[in-house]
Asks: 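Sharing a structure here in structure tokens format.
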Amino acid sequence: MTGNYQKINKNNFIDFCKNTIPLVKDFNVKINRFENSGLEVDFFPDEKRVGMIDRLWSHNLFTLADMVSYGCILCRYPTAIASVTINFNGNFFDAERVCNVRLSNTLEEYEKNYAHSTVDVKTLSNRIIAKLTCNYQIVLSEKSGSE
């Protein structure tokens with residue numbers, strides 16, 4: 001795999017996601033925390049959809065959870081490329097209606113090629129509506145030692 005690698009940080013993470021994940025390009029996301037210990041973002045869906053029941057809502061939550069998990073991997077390994085989502089599990093407690101949400105994650109590493117992420121999805125009033133877990137295989141670019 002060839003290409004130009006950029007160090008991902010709080011300032012360019014959202015643009016990076018919008019340019020590489022087609023579904024995210026129209027998302028309204030605000031970063032609250034972007035650090036090695038984890039990420040926290042707020043997501044604001046289109047106001048016309050808030051309160052509605054939407055069959056794609058859970059897909060958006062999976063996409064956002066994957067995004068914050070991968071962001072945490074990029075915080076730790078700025079040149080991680082082609083990190084593969086091995087599996088994804090979601091438990092939805094009260095995620096039937098579209099609402100503004102806060103996603104926060106924690107990441108556990110196992111050696112330098114595997115990570116497990118847990119993402120909590122809460123309303124902005126702090127009511128948990130989903131918990132998602134993701135496992136990743138981390139592939140580092142050859143430039144990882146030079147950053």
Side-chain angles (χ1 to χ4, degrees), residues 1 3 5-141 144:
M1 177 180 255
Y5 297 102
Q6 59 178 330
K7 185 169 182 172
I8 303 303
N9 58 45
K10 184 176 182 176
N11 297 326
N12 66 6
F13 176 66
I14 298 297
D15 288 337
F16 169 77
C17 291
K18 288 183 178 204
N19 291 330
T20 57
I21 308 168
L23 184 62
V24 176
K25 75 179 173 103
D26 295 323
F27 281 7
N28 181 5
V29 181
K30 176 187 146 213
I31 298 174
N32 297 324
R33 182 170 50 99
F34 188 91
E35 53 196 37
N36 287 352
S37 62
L39 267 69
E40 181 180 272
V41 301
D42 289 345
F43 171 64
F44 306 96
D46 185 336
E47 289 182 23
K48 295 175 191 168
R49 295 180 54 224
V50 171
M52 297 179 68
I53 295 175
D54 185 344
R55 293 179 1 168
L56 296 177
W57 178 234
S58 60
H59 298 298
N60 287 344
L61 295 179
F62 271 115
T63 300
L64 288 160
D66 199 24
M67 185 177 98
V68 298
S69 297
Y70 192 52
C72 194
I73 290 170
L74 290 171
C75 278
R76 294 176 187 206
Y77 305 103
T79 60
I81 57 170
S83 294
V84 178
T85 306
I86 297 171
N87 70 336
F88 223 146
N89 297 308
N91 293 304
F92 296 91
F93 308 116
D94 189 13
E96 185 175 279
R97 295 192 182 274
V98 176
C99 61
N100 297 329
V101 292
R102 177 165 292 140
L103 293 96
S104 57
N105 85 314
T106 56
L107 190 71
E108 294 178 48
E109 296 168 88
Y110 301 92
E111 300 179 5
K112 290 196 179 204
N113 61 355
Y114 175 77
H116 174 79
S117 176
T118 302
V119 179
D120 290 328
V121 182
K122 297 179 180 182
T123 63
L124 297 184
S125 61
N126 212 29
R127 186 184 79 227
I128 191 154
I129 62 171
K131 188 176 223 43
L132 300 112
T133 57
C134 328
N135 293 304
Y136 296 89
Q137 176 185 359
I138 301 170
V139 180
L140 300 177
S141 78
S144 64

Asks: Considering only heavy atoms from C-beta outward, does the side chain of Leu107 approach that of Arg76 to under 4.5 Å?
Replies: yes
Asks: Testing Val68, Ile14, Leu103 for side chain to side chain contact (heavy atoms under 4.5 Å, CB included) with Val29, which one passes?
Replies: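 Passing option: Ile14.
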Asks: Using the salt bridge (Lys or Arg N to Asp or Glu O under 4.0 Å) criterion, which residues pair with Arg97? Sequence neighbours excluded.
Replies: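 Here no residue qualifies.
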Asks: Taking all atoms of both residues into account, what is the closest heavy-atom pair of Asn60 and Phe27, and its distance?
Replies: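 Looking at all heavy atoms of both residues, the closest pair is OD1-CZ, 3.6 Å.
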Asks: Check side-chain hydrogen bond (donor to acceptor under 3.5 Å, both in side chains) between Asp66 and all other residues, then give those that pass, not counting sequence neighbours.
Replies: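 Partners of Asp66 by the side-chain hydrogen bond (donor to acceptor under 3.5 Å, both in side chains) criterion, ordered by chain and then number, come out as Thr85, Tyr136.
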Asks: Please answer whether the main-chain N or O of Phe93 pairs with a side-chain N or O of Lys131 as donor and acceptor at a distance below 3.5 Å.
Replies: no
Asks: Nearest heavy-atom pair of Cys72 and Asn36: which atoms, and what distance?
Replies: SG-O, 3.4 Å
Asks: Might you point out which heavy atoms bring Gly71 and Phe34 nearest each other, and give the distance in Å?
Replies: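 Scanning both residues, the minimum pair turns out to be O-CZ, 4.2 Å.
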Asks: Show every donor-acceptor pair shorter than 3.5 Å between a side-chain atom in residues 42-49 and any protein atom, with sequence neighbours excluded, or say none if there are none.
Replies:
unit_1 : atom_1 : unit_2 : atom_2 : d
Asp42  : OD1    : Asn32  : ND2    : 2.9
Asp42  : OD1    : Arg102 : NE     : 2.6
Asp42  : OD1    : Arg102 : NH2    : 3.3
Asp42  : OD2    : Asn32  : ND2    : 3.3
Asp42  : OD2    : Arg102 : NH2    : 3.0
Asp46  : OD1    : Lys48  : N      : 3.0
Arg49  : NE     : Asp54  : OD2    : 3.0
Arg49  : NH2    : Asp54  : OD2    : 2.3

Asks: Ignoring hydrogens and angles, tell me if any N or O in the side chain of Asn105 forms a donor-acceptor pair with the backbone of Leu39 under 3.5 Å.
Replies: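 Pair found, side chain donor or acceptor close to backbone of Leu39.
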Asks: Can you tell me how far CG of Leu132 sits from CZ of Phe62, rounded to the nearest 0.5 angstrom?
Replies: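 Here the rounded value is 5.0 Å.
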Asks: Does the side chain of Cys99 reach to within under 4.5 Å of the side chain of Ile129, using non-hydrogen atoms?
Replies: yes
Asks: Rounded to the nearest 0.5 Å, what separates atom NZ in Lys25 from atom CG in Asn19?
Replies: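 So the NZ of Lys25 and the CG of Asn19 are separated by 11.0 Å.
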Asks: So, Tyr70 versus Phe13, ring centres under 6.0 angstrom or not?
Replies: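 Here the rings of Phe13 and Tyr70 have centres that are no less than 6.0 Å from each other.
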Asks: Rounded to the nearest 0.5 Å, what separation is found between the SG atom of Cys17 and the CG atom of Leu23?
Replies: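 Cys17 SG to Leu23 CG: 11.5 Å, rounded to 0.5 Å.
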Asks: Between Phe16 and Ile21, is any pair of side-chain heavy atoms under 4.5 Å apart?
Replies: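 Side-chain contact under 4.5 Å: no.
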